[in-house]
Amino acid sequence: MRIVAETLITNAATTAGLDHEAVLVEQKKKKSVLLPAKRLEIGWLPEKIRGDVRRFKRIGLSEDGTRAETRWNRYQIQLQARCICKSDEKDWLTTFCRDFLMALPTKVIDTYGNAVVIRAQEARRDFPLGRLVSINDQYEKALHITFYGVMTEERDAELIREIEFNPHHTYDGEYNDG
């Protein structure tokens with residue numbers, strides 16, 4: 001799910017007006033002159049997985065109608081990304097964060113055909129980074145984006161086609177003549 005999430009964040013950032021090279025994943029460096037002034041740094045929090053076994057949907061029947069194919073939820077997955085938007089212009093940062101959130105979809109389908117729901121929460125930090133006296137002020141805003149998804153499996157089950165009813169037996173297993 002991390003690949004899907006990274007692709008969605010990168011596409012939303014480029015749609016909002018940031019260069020593709022300015023989207024950095026898990027930036028370990030501190031400050032560098034080579035880093036773009038306007039950038040988006042993505043950091044990943046640990047993925048939470050919870051077991052949840054239940055039938056999700058019935059896919060279809062076989063040709064002869066004796067077997068049914070169903071899809072079952074096995075796990076619920078929650079992945080949270082911390083996106084830090086940095087810029088040297090406060091107005092551009094505000095506009096970019098709004099456009100970025102608007103470009104981010106709320107629901108997509110992953111490669112396995114499962115729905116991924118996206119929720120964004122904003123943590124604001126508009127103050128300039130650095131010391132009290134700074135030549136190059138840089139502003140940042142942190143956005144926390146959570147991706148909710150499921151892991152599913154498909155099962156094939158045989159359907160009951162015939163029922164033989166024996167009216168002479170009760171529920172207790174005793175023979176009843178009538």
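Note: hydrogens, waters and symmetry copies are ignored here, and every other heavy atom, side chains too, is used. On a predicted model such as this, the values are computed, not experimentally measured, just so you know.
Side-chain atoms of D19 never come within 3.5 Å of backbone atoms of A22 as a donor-acceptor pair (strictly under, hydrogens ignored). N73 places no side-chain N or O within donor-acceptor distance of the main-chain N or O of Y75, the cut-off being under 3.5 Å. Put simply, the side chain of R39 gets close to the backbone of P36: a donor and an acceptor are under 3.5 Å apart.
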Pair V117, T106 - check side chain to side chain contact (heavy atoms under 4.5 Å, CB included), show working. CA-CA 6 Å; V117 178; T106 56; over 6 Å; no
Is there a side chain to side chain contact (heavy atoms under 4.5 Å, CB included) between L93 and K86? Walk through the geometry before answering. CA-CA 7 Å; L93 182 66; K86 293 185 178 183; over 6 Å; no
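The line from CZ of R2 to OG1 of T7 is 12.5 Å long, rounded to the nearest 0.5 Å. Note that the CE atom of M151 and the CG atom of D52 stand 12.5 Å from one another [nearest 0.5 Å]. Here the CH2-CZ distance, from W72 to R155, works out to 5.0 Å after rounding to the nearest 0.5 Å. The distance from the CG atom of L18 to the OG1 atom of T14 is 8.0 Å, given to the nearest 0.5 Å. Interatomic distance, CD of Q78 versus OG1 of T146, reported as 6.0 Å (0.5 Å rounding). To the nearest 0.5 Å, atoms CG (L101) and CZ (F96) are separated by 9.0 Å.
With a 4.5 Å cut-off on side-chain heavy atoms, R74 and T152 do not count as touching. Side-chain contact between E41 and V25 is absent, with no heavy-atom pair separated by less than 4.5 Å. You'll find the side chain of I84 stays beyond 4.5 Å of the side chain of L40, heavy atoms only. Side-chain contact between H144 and R119 is absent, with no heavy atoms from C-beta onward closer than 4.5 Å. In this structure the side chain of S87 reaches within 4.5 angstrom of the side chain of W92, judged on heavy atoms. Considering only heavy atoms from C-beta on, L79 stays 4.5 Å or farther from Y148 through its side chain. Between R82 and I42, every side-chain heavy-atom pair lies at or beyond the 4.5 Å cut-off.
Of all the heavy atoms in L143 and C85, the pair that sits closest is CD1-SG, 4.0 Å. Nearest approach of A81 to W44, heavy atoms of both residues: CB-CZ3, 3.4 Å. Across C97 and K141, no two heavy atoms sit closer than the pair SG-CD, 3.5 Å. Nearest heavy atoms, M1 versus F147: CE-O, 3.8 Å. Taking all atoms of both residues into account, the shortest heavy-atom contact from E47 to I77 is OE2-CG2, 3.2 Å.
When hydrophobic clusters are built by joining Ile, Leu, Val, Met, Phe, Trp and Tyr residues whose side-chain heavy atoms come closer than 4.5 Å, directly or via intermediates, Y112 is not grouped with I118. The same ILVMFWY cluster, assembled from side-chain heavy atoms under 4.5 Å apart, contains both L8 and I145.
Here E69 does not pair with R67 in a salt bridge; the nearest charged N to carboxylate O distance is not below 4.0 Å.
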